[in-house]
Amino acid sequence: MEQLGDSAIVAASSRDPEAFGELFRRHAPRLHAYVKRRLGAALADDIVAETFATAFRQRERFDGRAEFGAWLWGIAGNVIAKHHRQETRMFRAFARTGVDPAEDGVAELVSDRVHAAAHAPRLAKALASLSAQDRSAILLLAWEELSYAEIAAILNLPLGTVKAKIHRARTKLRKALPGENNDG
Amino acid sequence: MDELDALRQMRTSLAHQESPDVLALRAGRRPAPPRRLRLRVPAVSLLATAALVAATLAAVSLPSDVDRPVPPAAEAAPGNALLVAAANVRTDPAGTYWHTSRVSGRIYAIGTDAADHYKVESRLRYDHWTGRSGQACSAVRDLPARPWSARDRQHWQRAGSPAKVRVPSGATLFFEAPDREPACRPTRDQRFYGMTPRQLAALPTEPERLKNALLDLEGDWKAYAPKVTKQPIRALKGEPRVRALSDVAGTLLALAPTPPAVRAAAYRMLATLPGVRIEGDTTDPLGRAGVAISLPLETTIPLGLSTAPRQLGTYRRQWIINPAGGTLLAMRDLVATPPRGSRTLPPGDDGKPRRLTAATQPDRFHRPGEVSAYETYEGEWTDVAPR
């Protein structure tokens, strides 16, 4: 079967809504995993559904000049931002208790985890102090391994602003780690 | 460690991607969008959602006999294995002596670089007998060091099967040890974290009350501190408090002549501690089957003994329990982040500056998830007198 580009599918979906399902197949797994990591499995299904519903509703606005992925992730970012305070509360609870609310019901299933991430509660405390955009910028970098340019496209910000945000976030996170004077 | 690396290690259990079919089914199975969306989103988007769901369902091809995604494997409630262990604590009639045998192992890297090294396990065995009237004796025995894995054994043999090796901290490990049982030396006033067997017997048997009693326990609970500070566990917050409580619980379960009802309460208390996770089936270093319970630790050094840090990595401590027998079989420390770099230490006795460097760490070539140290436990009531 001919592999259509995302933009072609979006265009086709204006006449044939079922074509949009292919975009879900292509993009939902990674987006869902990222949202899970930010807000936990309980919210992830809803947020991904809302993101695709919004994208489908606004598909006429997608002009094909940007990557569809960046456009979709931008929409997801707006939906995630609506849960900014909820996310902050979860990070704070993690920092306070050592139990990550986002991992509720998940960790027990994963018997092969090797990374205990002993620093995670400290990082969570620092993440709780970041603004919505700073937090998104640093997590897109760390968890999704995206480039500064891709992050700028998703957040719809100039490249220089993204660099400044990531620098600021990294400084805060570094201070949260123990042994700041480690010279290694 | 770099802060980005640290972030990457956070919530890795959530980062795996699910198949689009399963995600589409979960989106489609929901009868209506959740209330929060329904209130906020205008009606048109419901139609769009419906269209989207129809589209995604049409787009995925499913085996006809599947009408819903496979539910995740039966999910153990947190603490489940601990609660099973609590229900199964042994109630053997107490004998004349409570005898425990503990093997303490540490894994050392031998070699000068990560690519070309092998790992050796040093082992010490500690035997303790505690009589019913409080008299006690103990014996320590050096067990021969041995290569850690089959691969390490081959590497050691290629190196000419040396009878002894030096490790960077200056110690020497011997692959042969005298084959005689050491005498049991009397120890006066046998105590477990300051508690006599009589006090152990009086501990509460209800988990919350046990925890409360242990929080009042005075001791030096810092992993390292320039000065000794005696304080109750209650004075600690967060991770240090969990570490101290879990250390005491470990001693109650593995080493002390603790009454069965207090053991059961200790298991239940452990299940409530933040950060404690059930991990799944495993075998302990003696090959016994059990379930791993884990707790992240910044350092695994014993509490109250050090004036300065001694480690540069971070760790995850696994408790291996036998739920059916209600016993704590072993503890195993896995490297979470390998040691790297160095750290300034306070000046030593000679007043000269000191540094802690990764080059002297036994686990300097460990990868995350590899074992850095362990202890195995066996305990029984016996009428056989110590040798």
Side-chain angles (χ1 to χ4, degrees), chain A residues 13 17-22 24-26 28-30 32-33 36-37 40-41 45-46 48-50 52-54 56-57 96-100 102-103 105-111 113-121 123-124 138-139 141-143 170 173-174 176-179 181-184, chain B residues 1 3-4 6-20 23-24 26-27 33-34 37 44-45 48-49 51-52 54-56 58-60 72-73 75-76 78 238-239 242 274-275 277-281 294 296-298 314-316 334 336-337 340-344 358 368-369:
Chain A
S13 72
E18 292 190 3
F20 212 77
E22 174 61 17
F24 185 91
R25 286 189 64 84
R26 287 186 191 176
R30 184 171 175 190
H32 186 264
K36 255 192 311 188
R37 210 166 171 186
D45 284 357
D46 288 355
V48 170
E50 190 179 346
F52 275 91
T54 306
F56 183 77
R57 198 168 63 241
R96 198 169 56 243
T97 64
V99 179
D100 191 346
E103 290 188 305
V106 175
E108 298 85 61
L109 296 175
V110 185
S111 52
R113 271 187 339 141
V114 291
H115 293 299
H119 297 314
L123 292 171
I138 189 72
L139 292 180
L141 180 74
W143 287 352
R170 287 190 68 163
L173 291 166
R174 198 176 310 133
L177 290 178
N181 53 353
N182 270 15
D183 56 7
Chain B
M1 177 173 51
E3 64 280 2
L4 277 183
L7 261 189
R8 287 183 188 114
Q9 288 170 18
M10 184 179 177
R11 292 186 177 165
T12 48
S13 66
L14 292 168
H16 77 277
Q17 299 186 5
E18 294 169 58
S19 94
L23 292 175
R26 279 220 302 268
L37 279 178
V44 60
S45 80
T49 306
L52 169 69
T56 54
V60 300
E75 198 172 305
E239 189 189 301
V242 172
R277 295 260 162 75
I278 312 292
E279 295 203 332
D281 296 344
S294 80
L297 292 183
E298 253 186 79
T314 62
Y315 300 87
R316 175 168 53 125
L334 311 186
T337 53
R340 211 188 285 172
S342 69
R343 200 167 173 169
T344 310

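We name chains A, B, ... by the order of the sequence lines, and we start the count at 1 in each one.
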Side chain, backbone, both or neither: which part of A/A124 has a non-hydrogen atom closer than 4.5 Å to chain B? both
Check whether any side-chain heavy atom of B/L7 lies under 4.5 Å from a side-chain heavy atom of A/L173, and answer yes or no. yes
When every non-hydrogen atom of A/D100 is compared with those of B/R11, the smallest separation belongs to OD2-NE, 2.6 Å
Look only at the side chain of A/K36 and the backbone of B/Q17, and say whether a donor-acceptor pair between them is shorter than 3.5 Å. no
In terms of heavy-atom pairs under 4.5 Å, which option from A/R170, A/H32, A/R30 contacts chain B the most? A/R170
Closest non-hydrogen atoms of A/R37 and B/M10, given as atom of the first, atom of the second and distance, are NH2-O, 2.9 Å
B/L23 CG to A/D45 CG distance, which is reported to the nearest 0.5 Å: 7.0 Å
I need the minimum non-hydrogen distance between A/A33 and B/A15, along with the two atoms involved. CB-O, 3.5 Å
Relative to chain A, which segment of B/E18 carries a heavy atom at a distance below 4.5 Å: side chain, backbone, both, or neither? both
Distance, nearest 0.5 Å, that separates CD of A/E103 from CG of B/L14: 5.0 Å
